[in-house]
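Quick one: this structure, given as structure tokens, is what I'll be asking you about.
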2 protein chains.
Amino acid sequence: MQFRLTPQRMLILKLLKKDTTHPSAEDVYKVAKKNFPNISFKTVYNTLQVLQDNRLIQELIIDRRKKRYCPDPKPHHHIICTECNKVVDVHLKFNTRLNEKRAEGFKITGSKVTFYGVCPECNMTV
Amino acid sequence: MQFRLTPQRMLILKLLKKDTTHPSAEDVYKVAKKNFPNISFKTVYNTLQVLQDNRLIQELIIDRRKKRYCPDPKPHHHIICTECNKVVDVHLKFNTRLNEKRAEGFKITGSKVTFYGVCPECNMTV
DNA sequence: ATTTAATTTACAATTATTGTAATATGATAA
DNA sequence: TTATCATATTACAATAATTGTAAATTAAAT
Ligand SMILES: [Mn+2]
Ligand SMILES: [Mn+2]
Ligand SMILES: [Zn+2]
Ligand SMILES: [Zn+2]
């Protein structure tokens with residue numbers, strides 16, 4: 001697959017790369033519209049998929065309600081706030097090797113650690 | 001909250017407890033209908049929520065497409081097949097403690113390890 | 001310049017889940 | 001027992017995120 005780095009795609013990639021909040025597609029769409037008022041939601045989804053296919057970003061399965069995107073394609077872990085769904089990176093290596101027997105016959109390709117907790121902001125407002 | 005163990009709820013709990021496939025709400029609904037042909041999808045969702053609130057089962061955020069339910073309320077980990085979304089348990093303890101600094105100010109309440117891989121069945125069909 | 005493939009857009013459709021409100025159930029009190 | 005009252009179930013509608021379709025646009029390749 002040859003993929004074109006169109007102005008829309010260039011913008012979205014640039015936006016993502018400087019955003020550490022792990023935005024949703026809607027978040028990206030809202031910001032992108034400031035530069036391309038006519039950009040469609042579908043283009044945002046398409047672009048996020050293309051960038052993901054090309055290992056420039058990664059999609060997270062961490063927020064029950066919506067997909068979230070991370071500008072860092074390298075494997076790493078996350079903490080999610082159970083109150084406000086804020087997501088932050090954890091750049092640490094954990095020893096989570098599974099031996100043959102415990103892998104239940106699966107061919108393991110990777111693993112992710114997800115931490116659940118309450119963020120500083122949500123901790124304040126009790 | 002006082003919760004009634006109605007026939008519908010009793011059935012759903014019983015079904016779940018003997019199902020190790022981490023079924024979706026729809027999966028549960030389909031099986032439940034064999035015993036209660038008039039049971040509504042909403043009752044299934046309500047029941048799954050009630051059982052979860054009462055720590056009898058747990059809901060997993062692991063499958064992009066739908067909620068999945070696990071009959072074991074105790075913390076444990078999972079492997080998910082990236083081909084067919086099959087989920088199996090991993091009953092092992094991993095050392096994933098985060099020190100104060102790495103927790104980014106979050107009050108950590110728990111953590112989960114998710115393994116990604118290809119299940120034996122999907123491995124066959126290549 | 002012409003052809004061709006990729007991309008964007010508007011818009012519709014899908015899918016899982018949640019909301020609403022009427023009815024039914026069943027526990028408790030009179 | 002019968003009346004009362006909270007809880008649960010159901011049918012049905014609504015929501016929200018995402019995906020599908022197809023026409024129009026863009027830009028690469030010939
Ligand atoms: Mn990240
Ligand atoms: Mn499980
Ligand atoms: Zn928070
Ligand atoms: Zn599989």
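Convention: sequence-line order gives letters A, B, ...; per-chain numbering from 1.
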(message) Check this one for me: any side-chain N or O of B:K66 less than 4.0 Å away from OP1 or OP2 of C:dA16?
(response)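 Yes, within the criterion.
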(request) Would you indicate what B:N38 reaches in the nucleic acid, counting non-hydrogen atoms under 4.0 angstrom: base, sugar-phosphate, or nothing? (result)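 Touches sugar-phosphate only.
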(message) Without decimals, in angstroms, what is the distance between A:R65 CZ and C:dT18 P?
(response)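 Computing the A:R65:CZ to C:dT18:P distance gives 11 Å.
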(message) Without decimals, in angstroms, what is the distance between B:F36 CZ and D:dT9 P?
(response)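 The distance from CZ of B:F36 to P of D:dT9 comes to 9 Å, rounded to the nearest Å.
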(request) Could you state the atom-to-atom distance from NZ of A:K42 to P of D:dA22 in whole Å? (result)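 For the pair A:K42 NZ and D:dA22 P, the rounded distance is 12 Å.
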(message) Can you see if the side chain of A:R4 gets near the phosphate of C:dA5 - specifically, an N or O under 4.0 Å from OP1 or OP2?
(response)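 No, A:R4 has no side-chain N/O under 4.0 Å of OP1/OP2 on C:dA5.
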(message) Strictly below 4.0 Å: does B:S40 bring a side-chain N or O up to OP1 or OP2 of D:dA11?
(response)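 Checking D:dA11 against B:S40, no side-chain N or O comes under 4.0 Å of OP1 or OP2.
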(message) Is it the case that atom CG in B:N95 sees more than 12 heavy atoms from other parts of the structure closer than 6.0 Å?
(response)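 Atom CG in B:N95 is not crowded, with 12 or fewer foreign heavy atoms closer than 6.0 Å.
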(message) With a 4.0 Å limit, can you tell me whether B:R9 has a side-chain N or O closer than that to the phosphate oxygens OP1/OP2 of D:dA8?
(response)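 Yes.
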(request) Work out which heavy atom in B:F36 is nearest to a heavy atom in B:Q8; give both atom names and the distance. (result)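 Looking at all heavy atoms of both residues, the closest pair is CZ-N, 4.1 Å.
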(request) Check the distance between D:dA16's P and A:R68's CZ and give it to me in whole angstrom. (result)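 After rounding, the gap between these two atoms is 18 Å.
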(request) Ignoring backbone atoms, establish whether B:Q8 has a side-chain N or O less than 4.0 Å from OP1 or OP2 of C:dT25. (result)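 Answer is no, no contact under 4.0 Å.
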(request) Please determine, for the side chain of A:T43, which listed nucleotide (D:dA17, C:dT8, D:dT21) has the closest atom? (result)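 Looking only at side-chain atoms, A:T43 lies closest to C:dT8.
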(request) Hey, which sits more toward the 5' end of DNA chain D by its nearest nucleotide, B:T47 or A:E26? (result)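 Looking at DNA chain D, the more 5' nearest nucleotide goes with B:T47.
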(request) Calculate the interatomic distance between B:F3 atom CZ and C:dT25 atom P; express it in whole Å. (result)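 In whole Å, C:dT25 P and B:F3 CZ are 20 Å from each other.
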(request) Might you confirm whether atom NZ of B:K107 has over 12 heavy atoms from other residues, nucleotides or ligands at distances under 6.0 Å? (result)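 Result for NZ/B:K107: open.
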(message) If the cut-off is 4.0 Å, is B:T6 near the phosphate of C:dT25, judged by side-chain N/O to OP1 or OP2?
(response)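 No.
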(request) Check whether any side-chain N or O of A:K67 sits under 4.0 Å from OP1 or OP2 of D:dT19, and answer yes or no. (result)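 Looking at the OP1 and OP2 atoms of D:dT19, one of them is under 4.0 Å from a side-chain N or O of A:K67.
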(request) For A:K30, look at atom NZ and say whether over 12 heavy atoms of other residues, nucleotides or ligands are found less than 6.0 Å away. (result)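 At most 12 heavy atoms, drawn from other residues, nucleotides or ligands, come within 6.0 Å of this atom.
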(request) Look at the side chain of A:R68 and the backbone N and O of A:T21, then say whether any donor-acceptor pair between them is shorter than 3.5 Å. (result)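 Yes, the answer is positive, given that a donor and an acceptor are paired below the 3.5 Å cut-off.
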(request) Take atom CG of A:L5 and atom P of D:dA27, then tell me their distance rounded to the nearest Å. (result)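 Roughly 12 Å, once rounded to whole Å.
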(request) Write down the distance between CD (A:Q49) and C1' (D:dG20), rounded to a whole number of angstrom. (result)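 It works out to 14 Å between those atoms.
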(request) Send over the distance from B:M10 CE to D:dT9 C1', rounded to a whole Å. (result)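 It works out to 15 Å between those atoms.
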(message) Go nucleotide by nucleotide along DNA chain C from the 5' end; which of A:N46 and A:R64 gets its closest nucleotide reached first?
(response)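 Comparing both residues, the 5'-ward one is A:N46.
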